[in-house]
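Heads up: the structure comes next, in structure tokens.
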Amino acid sequence: MQSIELIKSEKECCGCGACYHSCPKKAISMVKNADGFMYPKIDETECIDCGTCLKVCNFKGTTWKKTLGETYAAYAKDTDLIQSASGGLFASLAQSVLAQGGVVYGCAMLFDGEKLIPKHICVREQQELLKLKGSKYVHSELGNIYVDVKGKLHENISVLFSGTPCQIMGLKGYLQKEYENLYTVEVVCHGVPSIQMYHDYLAFVEQREKKKIIEFKFRDKSQGWKLYGKMVLQDEYGAQTEKYFEPEESSYYQMFLNSYTYRENCYSCPFASEYRQGDITIGDYWCIDLVHPEYLTENGGRIDEKQGASCLIINNEQGKKLIEKYGQGIEMWNSSYEQASRYNAQLRQPSLMKDERAIVFELQKQGYDRIERWYQKRLAKIRFIRKIRATIPKGVKKIVRKMILNK
């Protein structure tokens with residue numbers, strides 16, 4: 001009889017899939033819970049109690065190490081920043097890895113003819129890199145990526161793998177050894193909604209617009225280094241239209257920013273701290289104008305705040321090697337972990353679980369239209385606040401913003 005207990009509660013599992021891929025008897029499957037998130041389930045008739053699944057699970061903290069904390073404000077010199085997240089660091093590193101014969105793994109938002117699928121893919125050619133650019137605020141499908149990465153590593157191919165801290169933790173748990181030719185880049189993560197929630201939202205929008213969504217971007221930088229989103233809609237005749245929106249105009253997007261829709265373990269994430277899992281950590285350098293005004297072009301520096309700036313944290317010796325070997329296209333200026341985390345809470349603590357989360361997931365069982373109706377009732381207040389904001393002079397806004405952030 002199966003005696004292994006993988007998890008005692010859902011907050012103990014990040015859904016990385018390391019146990020699923022490592023089971024020698026294929027006795028583990030990933031099963032969707034009531035909220036649409038995937039969790040491992042053991043088939044008692046196939047389990048041989050070998051303990052491999054427990055051995056590869058790194059979510060329990062046995063292999064965590066604190067980051068070296070070498071922190072920089074940075075951006076990529078030659079990458080198209082309009083297409084890239086933050087300051088284009090990942091794109092620059094990826095281009096260099098591919099140019100030197102390596103491969104790159106990351107999350108792409110692929111349209112399969114019916115719907116958009118967030119999934120990890122392997123990129124081998126420069127022209128394919130565009131698929132990996134941009135922010136995706138949804139849990140990606142990993143499929144057999146861990147297995148594929150291991151195969152490339154054994155072929156002595158250099159691998160650059162990007163993902164959330166827990167996905168990188170899962171990869172390393174699955175591999176069970178260090179590889180000199182593996183380089184990992186983690187993004188600063190707030191938490192992840194389920195693919196089901198994302199698809200339910202897209203289906204609702206398509207029904208409302210009476211058009212198919214063939215592209216969806218959470219951070220479209222053609223509107224500046226802000227949070228504007230963009231979707232491309234296609235009608236039955238193939239004609240396409242672009243629609244831009246602020247976060248508040250999208251229930252899914254705003255609920256993500258409000259941390260209403262994350263996986264349960266995200267609210268106690270151990271990696272929203274100095275226990276980083278990637279060789280390097282990258283993300284937006286929020287409020288760089290307050291922390292490092294001397295680096296901005298308006299003050300004689302080199303960083304154009306309108307195009308975006310990145311925070312770069314080197315976590316270990318492999319991270320140093322990654323930057324030394326592939327980071328020639330990146331410009332960096334000294335900062336510190338304390339400075340970078342001052343206005344980026346996810347480097348210090350996990351997102352707060354709010355009462356609205358329970359409401360949203362209960363409504364989801366009745367259909368996304370119920371979530372939308374609940375959200376729209378709240379939107380009137382948001383619009384009122386936006387109108388009040390618009391009447392405040394920019395100088396006053398900056399002073400108030402600084403006072404709030406420094407509380």
Side-chain angles (χ1 to χ4, degrees), residues 16-18 20-22 56 58 76-80 83-112 117-136 139-187 189 276-283 310 312 314-330:
C16 70
Y20 163 73
H21 288 294
S22 299
V56 302
N58 282 346
K77 293 178 284 189
D78 302 319
T79 302
D80 180 2
Q83 294 289 343
S84 301
S86 303
L89 302 193
F90 174 70
S92 179
L93 291 169
Q95 288 172 357
S96 184
V97 168
L98 292 175
Q100 297 184 48
V103 296
V104 177
Y105 291 84
C107 179
M109 195 69 77
L110 304 179
F111 183 64
D112 67 354
I117 309 291
K119 63 187 298 184
H120 265 64
I121 63 171
C122 177
V123 168
R124 300 171 180 82
E125 303 292 338
Q126 295 278 350
Q127 58 266 30
E128 294 182 318
L129 265 184
L130 190 60
K131 296 177 182 178
L132 306 184
K133 292 183 179 181
S135 302
K136 295 97 177 173
H139 209 186
S140 66
E141 290 184 358
L142 288 170
N144 289 316
I145 286 297
Y146 291 169
V147 179
D148 195 56
V149 168
K150 188 174 184 178
K152 296 292 190 302
L153 294 173
H154 285 180
E155 293 174 28
N156 204 31
I157 297 172
S158 291
V159 171
L160 180 68
F161 182 94
S162 70
T164 62
C166 58
Q167 288 175 331
I168 291 172
M169 176 217 67
L171 172 63
K172 291 184 175 180
Y174 170 78
L175 294 174
Q176 285 292 291
K177 62 173 287 188
E178 300 290 333
Y179 288 84
E180 290 186 1
N181 52 328
L182 173 63
Y183 303 93
T184 56
V185 179
E186 65 171 26
V187 295
C189 179
R276 312 309 307 177
Q277 296 300 293
D279 298 323
I280 66 171
T281 301
I282 60 174
S310 282
L312 166 63
I314 298 177
N315 298 317
N316 53 36
E317 294 301 321
Q318 188 73 347
K320 286 185 178 181
K321 181 180 170 184
L322 168 60
I323 297 300
E324 290 170 1
K325 188 172 182 179
Y326 299 111
Q328 291 77 19
I330 296 174

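- Remark: Glu178 engages no residue in a side-chain contact (heavy atoms from CB on, under 4.5 Å) (not counting sequence neighbours).
- Residues Met109 and Pro118 are in side-chain contact: their nearest non-hydrogen atoms beyond the backbone lie under 4.5 Å apart.
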- I would like to know whether Arg124 and Lys152 meet side chain to side chain contact (heavy atoms under 4.5 Å, CB included); could you show each step before the answer? CA-CA 11 Å; Arg124 300 171 180 82; Lys152 296 292 190 302; 3.5 Å; yes

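- Taking both residues in full, the closest heavy atoms of Arg276 and Thr281 are given as NE-OG1, 3.5 Å, listed atom of the first, atom of the second, then distance.
- When all heavy atoms of Gly163 and Ile168 are compared, the closest pair comes out as O-CD1, 4.0 Å.
- Considering only heavy atoms from C-beta on, Asp279 stays 4.5 Å or farther from Leu182 through its side chain.
- Other residues, nucleotides and ligands place no more than 12 heavy atoms under 6.0 Å from the CD atom of Glu180.
- The minimum heavy-atom distance between Pro165 and Val187, with the atom names listed, is CD-O, 3.5 Å.
- Using a 4.0 Å cut-off between charged side-chain N and carboxylate O, Glu317 and Lys320 make a salt bridge.
- Applying the ring-ring contact (aromatic ring centres under 6.0 Å, His included) criterion to His139, with sequence neighbours excluded, gives no partner residue.
- A distance of 5.0 Å separates CG in Asn181 from CG in Leu153, rounded to the nearest 0.5 Å.
- Proximity of Ile121 to Val123: side-chain heavy atoms (C-beta onward) are separated by under 4.5 Å at one or more points.
- Using bins of under 30°, 30° to 60° and over 60° for the plane-to-plane angle, the ring pair Phe161/Tyr146 lands in the tilted bin.
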- Item | Full working for side chain to side chain contact (heavy atoms under 4.5 Å, CB included) between His154 and Tyr179 | CA-CA 9 Å; His154 285 180; Tyr179 288 84; 2.9 Å; yes

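- Counting only distance, with no hydrogens or angles, the side chain of Gln126 and the backbone of Gln95 share a donor-acceptor pair below 3.5 Å.
- Of the possible polar contacts, one joining the Ser22 side chain to the Ala18 backbone as a donor-acceptor pair under 3.5 Å is found.
- Remark: side-chain polar atoms of Lys136 are paired, donor with acceptor, to backbone N or O of Cys107 under 3.5 angstrom.
- Of all non-hydrogen atoms in Ser158 and Val97, the two that sit nearest each other are O-CG1, 4.4 Å.
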- Task: Carefully, step by step, assess Cys16 and Gln167 under the rule side chain to side chain contact (heavy atoms under 4.5 Å, CB included).
- Result: CA-CA 5 Å; Cys16 70; Gln167 288 175 331; 5.7 Å; no

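- Glu128 has its side chain out of reach of Leu98: every pair of non-hydrogen atoms, C-beta onward, lies at least 4.5 Å apart.
- Atom OG in Ser96 sits 10.0 Å away from atom CD1 in Ile323 (nearest 0.5 Å).
- Counting heavy-atom neighbours within 6.0 Å of Lys321 NZ, excluding the residue itself, gives a total above 12.
- Judged purely by atom type and a 3.5 angstrom limit, His21 uses its side chain to pair as donor or acceptor with the backbone of Gly143.
- Between Ser162 and Leu132, the closest side-chain pair of non-hydrogen atoms is not below 4.5 Å.
- Proximity of a side-chain donor or acceptor of Lys150 to a complementary backbone N or O of Tyr174 within less than 3.5 Å is not detected.
- The distance from atom CG of Leu110 to atom CG of Asp112, rounded to the nearest 0.5 Å, is 8.5 Å.
- Side chain of Gln176 to backbone of Gly173: a donor-acceptor contact under 3.5 angstrom is found.
- Residue Leu93 comes nearest to Tyr326 through the heavy atom pair CD2-O, 3.6 Å, listed as atom of the first residue, atom of the second, then distance.
- No donor-acceptor pair closer than 3.5 Å links the side chain of Thr184 to the backbone N or O of Leu160.
- A pairwise comparison of heavy atoms in Lys77 and Ile330 identifies CE-N, 4.1 Å as the closest pair.
- Rounding to the nearest 0.5 Å gives a distance of 10.0 Å between CD of Gln277 and CG of Asn316.
- Inter-residue side-chain proximity for Leu89 and Ile280 is flagged as unmet; no heavy-atom pair is nearer than 4.5 Å.
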